[in-house]
Novice: 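Have a look at this one.
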Amino acid sequence: MLPQCDSPTAIQLLTANAMSHPLESLYLQSDLLRKEYDYEKAEYLEAVKRAPMNGDVAEGDCWYPIRLGNTSYNIANQLVVDVFFDGTQPEDTSSDFEPGKIVNFFSLENGQMRVLNFNCTVSRIQEFRMEIAVNNRNVLMALENLASRGNIGVLLGIDDYSYQVMQSSLRQVRERNDEDFVNLRGVLIGERQPAFRDNHFNTIPWLNASQNAAVSKVLNARETAIVHGPPGTGKTTTLVEAISETLKRETQVLVCAPSNAAVDWISEQLYRRGISVLRIGNPLRINDVMMECSYEYRYGNHPDYLELFSVRSSLREIKSRPKLGDKEHNQIRKLQHRETELEVKIREELFATSGVIACTLIGSAHHLMERRHFGTVFIDEAAQALEAACWTAILKADRVVFAGDHQQLPPTVKCKEADREGLEHTLMQKVVKNKPSCVTLLDVQYRMNRDIMEFSSRQFYHGQLKADPSVADRVVSPIDKPLMWVDTSRCDFGEQQSRSLSRSNHEEAKLLMKTLMDYVKLIGMEHLLREQVDFGIISPYKAQVRLLRKYMRNNKMLKPLRHQITINTVDGFQGQERDLILISMVRDNDSGNIGFLNDLRRMNVAITRAKMKLIVFGNAETMSKTKFYEKLVAYFQERGDFVTIQPDNSAESD
């Protein structure tokens, strides 16, 4: 049982003080961040306790037992060891292991478990095989020695570094007193009013009116501007143009996002736009497309690197000699001096020839970024970033541009108490609320049929969204409609709870598969294959996702379409889109208990992934006990097909 994250009286006092003294909110953030770290550490220790002394485990955060395989070097020239899950492989499991994640090895000897005191990093993962980067051959030898004497496993570790960086950033934000930063900080925490220039901006022909207005605000903002981009409204396109226009006025900008995937995405779009990008960060966390822009890749391909390599080789050779005299020491000093000269020269030229320096928010504290300052920092997906992480990047700039949508998924906060006290509330969200003059809403969306879009527009965007004519009436087939609710309220399906406390609904999963098969027969397999219609199957619960993936694997009729079908959680679909989306709501009970579906932003993400058709599976009576879902059910009854399944109509999935 994880310890409760209790809220001390100090938190309540800080919350009250923050209302009258905005700077106190930074102390509150620091305290809540510490709570989140303590909770994550307790969760980690709980995972350690759960690691089995007997039996096989292949879970999201733990593999046991494992077998060590071959060693090699990855693209970052790091030593990696192949790790295989060596137990009975389950039919399916959702893994939290992914490239760049910190992991720890543990051993079981004579019934005693010991977590090894060195951190390693996932380099690559494929089902039940991982490549894990170890620090050096000494670590590898120690690991091999333990493996030879007893059983070993691997589990997710804690990223202490990120917490340390964020706490340090909050201290710096509180303590800095130079005039420009004090003014910027004052605007962001609500003490001062934002200022704007009134310079003329030549509109960009391929942007719409709201997108051009956003670019103009970015260019004229003295402290901050916000590009609010609801689903499908071209936020990335707008941001790329805003950065491009800013680079006509500034020599270099910093571009950040909370995750490596988000940094890679915006960086790739900038690179395709012809802008020179220098990608800073752990190469293990940079995708293959952006590797050419990585600091390590460009460093190794610099014209002076060959000389640097030669100098380092000479140094190693001289230092390896058994006896060193004055001559050798003089050579070492000269070579070390030349080594430093070349390192500085290469580094500075790489930065000087790059218009965009791109990294995660935490990555902006990288040692390569020391003493570097920028006119503007752009933070993409800012509504998913913890406030402290944003401050880490803002410390390096004179002004900040946020881009994102605070009506979609928030940052992940595990500690419920820290969540309730405000850790989930992002800096972008606070500026949107307190300084609306900084915000430009992108109001034309290019993804969804208007009937799919309209409910989200009403509930989250004050009815301001408009569907572009190119997508407004788009459907999969002329005989098709864009909306359908499959109501299971008369079926008494019920819901199940897994060991991990996730939820599933077996009968609803079977019904979804049957409905999908019926739809394929109606539209025609040949048409779906020829037009490459893609499908997304979404559930808020990992247990239901695992179940649906199992049914999909065993379904022979849908086999030709499998490469066009993706099954994942709502979080896994953030930023993505599909022609047709099917949502399994799972919850089915008389009390109307819907758990974390009460986070309505999660449902906003789910329903706005669909371009041409949206099908929702769920107990309408259970869902309608919550006001938002009552409106959603009524909307489907008004605009789409509402099909109530009778108990004898629910069929087994093939």
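Note: hydrogens, waters and symmetry copies are ignored here, and every other heavy atom, side chains too, is used.
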Novice: Scan Ser584, Ser504, Ser539, Ser502 and name whichever one has a side-chain hydrogen bond (donor to acceptor under 3.5 Å, both in side chains) with Gln544.
Specialist: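 Among Ser584, Ser504, Ser539, Ser502, the one that satisfies the side-chain hydrogen bond (donor to acceptor under 3.5 Å, both in side chains) with Gln544 is Ser584.
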Novice: With the threshold set at 4.0 Å, does a side-chain nitrogen-carboxylate oxygen contact exist between Lys631 and Glu638?
Specialist: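 Judged by the 4.0 Å cut-off on N to carboxylate O distance, Lys631 and Glu638 do not form a salt bridge.
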Novice: Quick one: closest heavy-atom pair of Val263 and Cys256, and the distance?
Specialist: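 Taking every non-hydrogen atom into account, CG2-C, 4.4 Å.
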Novice: Side chains of Ser456 and Asn604 only: does a donor on one sit below 3.5 Å from an acceptor on the other?
Specialist: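 Yes, Asn604 and Ser456 have a side-chain donor paired with an acceptor closer than 3.5 Å.
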Novice: Decide whether Arg503 and Gln497 meet the rule of one side-chain donor and one side-chain acceptor closer than 3.5 Å.
Specialist: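 Yes, Gln497 and Arg503 have a side-chain donor paired with an acceptor closer than 3.5 Å.
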Novice: Looking at Val533 and Asp579, what are the two nearest heavy atoms and their distance?
Specialist: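 Looks like CA-OD2, 3.3 Å.
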Novice: Counting distance only, does the side-chain N/O of Gln445 pair as donor-acceptor with the main-chain N or O of Met448 below 3.5 Å?
Specialist: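 Here the side-chain-to-backbone pair exists.
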Novice: With a 3.5 Å distance limit and no angle check, can you tell me whether Arg587 reaches the backbone of Glu495 through a side-chain donor-acceptor pair?
Specialist: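 Not at all, since once roles are kept as given, no pair shorter than 3.5 Å links the two residues.
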Novice: State which residues pass salt bridge (Lys or Arg N to Asp or Glu O under 4.0 Å) with Glu454; sequence neighbours excluded, sorted by chain then number.
Specialist: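 Only Arg458 meet the salt bridge (Lys or Arg N to Asp or Glu O under 4.0 Å) criterion with Glu454.
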Novice: Does Ser210 reach the main-chain N or O of Asp443 with its side chain, forming a donor-acceptor pair under 3.5 Å?
Specialist: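 Yes, the answer is positive, given that a donor and an acceptor are paired below the 3.5 Å cut-off.
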Novice: Going by the rule salt bridge (Lys or Arg N to Asp or Glu O under 4.0 Å), which residues pair with Asp480 if we only count those two or more places apart in sequence or in a different chain?
Specialist: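 Result, salt bridge (Lys or Arg N to Asp or Glu O under 4.0 Å) vs Asp480: Lys613.
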Novice: If we ignore hydrogens and angles and just use 3.5 Å, is the side chain of Arg562 paired with the main-chain N or O of Leu558 as donor and acceptor?
Specialist: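 No, the answer is negative, given that no donor and acceptor are paired below the 3.5 Å cut-off.
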Novice: Got a second to check how far Thr426's OG1 is from Gln384's CD, nearest 0.5 Å?
Specialist: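 Rounded to the nearest 0.5 Å, the OG1-CD separation comes to 10.0 Å.
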Novice: Would you mind reporting whether Val377 and Val401 have side-chain heavy atoms less than 4.5 Å apart?
Specialist: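 Not touching, per the 4.5 Å side-chain cut-off.
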Novice: Between Lys414 and Glu36, does any side-chain N to carboxylate O distance fall below 4.0 Å?
Specialist: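 Judged by the 4.0 Å cut-off on N to carboxylate O distance, Lys414 and Glu36 do not form a salt bridge.
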Novice: Count the heavy atoms belonging to other residues, nucleotides or ligands that lie under 6.0 Å from NZ of Lys481, then report whether that count exceeds 12.
Specialist: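 Open.
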Novice: Are the side chain of Trp265 and the backbone N or O of Thr236 linked by a donor-acceptor pair below 3.5 Å?
Specialist: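 Answer holds: no.
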Novice: Have Asn598 and Tyr629 got a donor and an acceptor in their side chains that come within less than 3.5 Å?
Specialist: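 The answer is no; no qualifying pair exists.
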Novice: Has Thr233 got a side-chain atom pairing as donor or acceptor with Pro230's backbone, closer than 3.5 angstrom?
Specialist: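 Looks like yes, one N/O pair under 3.5 Å.
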Novice: What are the two closest non-hydrogen atoms of Leu254 and Ile357, and how far apart are they?
Specialist: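 Shortest heavy-atom contact: CD1-O, 3.3 Å.
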Novice: Show every ring-ring contact (aromatic ring centres under 6.0 Å, His included) that has at least one partner inside residues 448-479, sequence neighbours left out.
Specialist: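 Those involving residues 448-479 are His228-Tyr461, Phe455-Phe628, Phe455-Tyr635, Phe460-Phe628.
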Novice: Using every non-hydrogen atom in the two residues, find where Pro231 and Thr608 come nearest and quote the distance to one decimal.
Specialist: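 Closest approach of Pro231 to Thr608, heavy atoms only: CG-OG1, 3.4 Å.
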Novice: Kindly check if the number of other-residue, nucleotide or ligand heavy atoms within 6.0 Å of OH (Tyr271) is above 12?
Specialist: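 Count not over threshold, so no.
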Novice: Roughly how far, to the nearest 0.5 Å, is the CZ atom of Arg639 from the CG atom of Asp451?
Specialist: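 Result: 5.0 Å between the selected atoms.
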Novice: Is there a donor in the side chain of Arg578 and an acceptor in the side chain of Gln576, or the other way round, less than 3.5 Å apart?
Specialist: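 The answer is yes; a qualifying pair exists.
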Novice: If I take atom CG from residue Leu247 and atom OG1 from residue Thr376, how far apart are they, to the nearest 0.5 angstrom?
Specialist: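 With rounding to 0.5 Å, CG (Leu247) is 9.0 Å from OG1 (Thr376).
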Novice: Can Trp391 and Glu387 be counted as having a side-chain donor-acceptor contact under 3.5 angstrom?
Specialist: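 Per modelled atom types, Trp391 and Glu387 side chains form a pair under 3.5 Å.
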Novice: Verify, without hydrogens or angle tests, whether Asn593 (side chain) and Gly595 (backbone) share a donor-acceptor contact under 3.5 angstrom.
Specialist: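 The answer is yes, because a donor-acceptor pair under 3.5 Å joins these two groups.
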Novice: Among all residues two or more places apart in sequence or in another chain, which pass the ring pair (Phe, Tyr, Trp, His ring centres under 6.0 Å) test with Phe617?
Specialist: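 Result, ring pair (Phe, Tyr, Trp, His ring centres under 6.0 Å) vs Phe617: none returned.
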Novice: Could you verify whether a donor N or O on one side chain and an acceptor N or O on the other, from Ser162 and Asp159, lie under 3.5 Å apart?
Specialist: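 Yes, a side-chain donor-acceptor pair sits under 3.5 Å.
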Novice: Quick one: does Asn619's side chain have a donor or acceptor within less than 3.5 Å of a partner on Thr622's backbone?
Specialist: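 Such a contact is found between Asn619 side chain and Thr622 backbone.
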Novice: Judged by atom type as modelled, is there a donor-acceptor pair below 3.5 Å linking the side chain of Tyr541 to the main-chain atoms of Met585?
Specialist: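 It does not hold such a pair.
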Novice: Nearest 0.5 Å please: distance from the CG atom of Leu522 over to the OG atom of Ser477.
Specialist: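 That separation rounds to 7.0 Å.
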Novice: Filter on ring-ring contact (aromatic ring centres under 6.0 Å, His included), then keep only pairs touching residues 508-539, sequence neighbours left out; what's left?
Specialist: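 Qualifying pairs: none.
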Novice: Once the angle between the rings of Phe128 and Trp63 is folded into 0 to 90°, is it parallel (under 30°), tilted (30 to 60°) or perpendicular (over 60°)?
Specialist: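 The arrangement is tilted - the two ring planes meet at 30° to 60°.
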Novice: Do other residues, nucleotides or ligands put more than 12 heavy atoms under 6.0 Å from Glu526 CD?
Specialist: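 For Glu526, atom CD is not crowded (no more than 12 foreign heavy atoms under 6.0 Å).
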Novice: Say you draw a straight line from CG of Asp419 to CG of Asp599; how long is it, rounded to the nearest 0.5 Å?
Specialist: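 Answer for the CG-CG pair, Asp419 versus Asp599, is 8.5 Å.
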Novice: Tell me whether Gln564 contacts the main-chain N or O of Pro560 through its side chain, where contact means a donor paired with an acceptor under 3.5 Å.
Specialist: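 Side chain of Gln564 to backbone of Pro560, a donor-acceptor pair under 3.5 Å: no, none is there.
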Novice: Would you name the heavy atoms of Ala620 and Ser624 that are closest together and state the gap between them?
Specialist: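 Residues Ala620 and Ser624, closest heavy atoms: O-OG, 2.6 Å.
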Novice: Working to the nearest 0.5 angstrom, can you tell me the gap between Ile280 CD1 and Glu296 CD?
Specialist: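 Between Ile280 CD1 and Glu296 CD, I get 7.5 Å after rounding to 0.5 Å.
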Novice: Report yes or no: do Thr566 and Asn568 form a side-chain donor-acceptor pair below 3.5 Å?
Specialist: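 There is no such pair (donor and acceptor under 3.5 Å, judged by atom type) between the side chains of Thr566 and Asn568.
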Novice: Check this for me, if you would: do Asp405 and Lys235 make a salt bridge, where the nitrogen-to-carboxylate-oxygen distance has to be below 4.0 angstrom?
Specialist: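 The answer is no: the pair does not qualify as a salt bridge.
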Novice: Apply the side chain to side chain contact (heavy atoms under 4.5 Å, CB included) test between Leu427 and each candidate in Ile394, Ile379, Thr224; give the one that qualifies.
Specialist: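 Of the listed options, the one satisfying the test is Ile394.
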Novice: According to the salt bridge (charged side-chain N to carboxylate O under 4.0 Å, His left out) rule, which pairs have a member within residues 258-282, sequence neighbours left out?
Specialist: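 Counting only pairs at least two positions apart or across chains, the salt bridge (charged side-chain N to carboxylate O under 4.0 Å, His left out) contacts touching residues 258-282 are Glu241-Arg273, Asp264-Arg279, Glu268-Arg272.
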Novice: For Ile537 and Leu516, work out which heavy atoms get closest and say how close.
Specialist: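 Heavy atoms of Ile537 and Leu516 come nearest at CD1-CD2, 4.1 Å.
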Novice: Applying the side chain to side chain contact (heavy atoms under 4.5 Å, CB included) criterion to Lys550, which one of Arg546, Arg553, Met552 satisfies it?
Specialist: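 The option that passes is Arg553.
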